[in-house]
2 protein chains.
Amino acid sequence: MPATAFDIATSRPDAAPEFSPRQQVVLQHALTLLVEGGEKALTTAGLARTASCSKESLYKWFGDRDGLLAAVVAYQASQVQFPSEAGATADAETFRAHVTAFVEALLGVLFSESSLALNRLSIGQSNTNSNRLGQLLLVRGKNMISARARTMLESGRRHGLLKFDDAEDAYQVLYGLAIRDVHIRLLLGDAANAAEQDLNSQAETAVERFYQLFGA
Amino acid sequence: MPATAFDIATSRPDAAPEFSPRQQVVLQHALTLLVEGGEKALTTAGLARTASCSKESLYKWFGDRDGLLAAVVAYQASQVQFPSEAGATADAETFRAHVTAFVEALLGVLFSESSLALNRLSIGQSNTNSNRLGQLLLVRGKNMISARARTMLESGRRHGLLKFDDAEDAYQVLYGLAIRDVHIRLLLGDAANAAEQDLNSQAETAVERFYQLFGA
DNA sequence: GGTGAACCGTACCGTACGGTTCGGGCGGTG
DNA sequence: CACCGCCCGAACCGTACGGTACGGTTCACC
């Protein structure tokens, strides 16, 4: 029994499921279908036709439809990469620039069509299946990012650039200042306005306010 | 043709669809089914059985299943009531208390099981049906609340208690400070931790930070 | 008492989709 | 060449659900 849904859900978050190239191509097709038409558009027959594979292979690789959905989530999560923080706490200037870059990358990920599609999918399934998808997205997505953010903020605190008691709390404020209600509006199908599409200036404004609250 | 889905979607947001008492009972049953089991749990046959009505009546009242979903959204939106702001800008103390109460009410609504269920439903449908549900939720829910908030904040500015350029921008910051990532986590099926369930203290912290940024 | 509207309960139909099975093609290996 | 594993394409099955039709009941009104 190869990489089935069960393995994905229970494996360590940092252990990549290592889909074969062929499987990754299929998962990319599945993701495209999801982005275009939502969950209803991702049928096993439709995916088999689009990806030129047989339904038999889909069931062999992913177990069942839920396993396929979980695999899509895991696959896209593995595609997301954040800029590394190679010693970016040199001085106040570069640290703040680094924080801004982090926020901009966060906005870029959360507002991307693929992320929105998978969030929509997971949210739609969150009260069924013992909520495997939602947990998967939280563990492989949000928690990874939040961990990265906390270490970054704590590094700033150690260098006397920031002041806060709880890094998680500080990160949540930064998140709120940056995202506001844009994420939920996009999830509901609303369109971002011009200002909200300028991720760089959005990030700078958020960081500016964050420093007003937590700057040393 | 009575209050069909089409009427609901195109009618003015402030024109209540005026469901009959019998229909409201049925819609309440539908909402309960949604809260308990998500969209999949709301089948026409299941609702007819639960609410002791006939499918024929459902289709007569609401047109089709989409119309039923839209009616549930409209019904629950009409149930949400915010505390009135009867001259609450008397002095700085009571105004700030009023802002805090508003934020607490906002948290209470957004984190309620019915609101979460309807947001999940609308988000899950947001890339189908020309996105009627999402727009409905935005217009009847978020926009109403945001309008209330803006007038409140502008009243505070007129009285010299707050300082900002754009009321919408200020409200978004207040929203972000209060909600952070809790909403999306709850939508994904995560549970709120102890601190996040204390809506009052959450609201006070958010307002405290909001005043640091926008207090006069 | 008669009439008609509203409604309930149930049976029914068509379809879409998840999941299985089968025949056949293709490439590697002894 | 024979065998075998992997896979494609297509046909097939069972079921769940949206939507419709119909007989029977209640009740208001004349």
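Residue numbers begin at 1 in each chain, while the letters A, B, ... track the order of the sequences.
Side-chain contact, Q28(B) with Y75(B): a donor N or O sits under 3.5 Å from an acceptor N or O. Defined by atom type and a distance below 3.5 Å, a donor-acceptor pair is present between the side-chain atoms of R120(A) and S126(B). No donor-acceptor contact under 3.5 angstrom links the side chains of Q202(A) and E104(A), judged on distance only. Side-chain contact, S54(A) with S57(A): a donor N or O sits under 3.5 Å from an acceptor N or O.
When the C1' atom of dT15(C) is taken as reference, atom NZ of K40(A) falls 12 Å away, rounded to whole Å. Protein atom CZ of R65(A) is 8 Å distant from nucleotide atom P of dG19(C), rounded to whole Å. Put simply, CG on L33(A) is 15 Å from C1' on dC17(C), counting in whole angstrom units. Counting to the nearest Å, the C1' atom of dC17(C) and the CG atom of L58(A) are 14 Å from each other. Between D64(A) atom CG and dT20(C) atom C1' there is a gap of 14 Å when expressed in whole angstrom units. Taking atom CD on E39(B) and atom P on dA16(D), their separation rounds to 17 Å, with Å as the unit. For the pair Y59(A) OH and dC17(C) P, the computed distance is 12 Å after rounding to whole Å.
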Would you give a per-nucleotide map of nucleotides 4-10 of chain C, 5' to 3', where B means the base has a protein non-hydrogen atom under 4.0 Å away, S means only the sugar-phosphate does, and - means neither?
--SSBB-

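With hydrogens and angles ignored, the 3.5 Å screen pairs no side-chain donor or acceptor of D190(B) with any backbone N or O of L186(B). For the pair S122(A) (side chain) and N119(A) (backbone), a donor-acceptor distance under 3.5 Å is absent.
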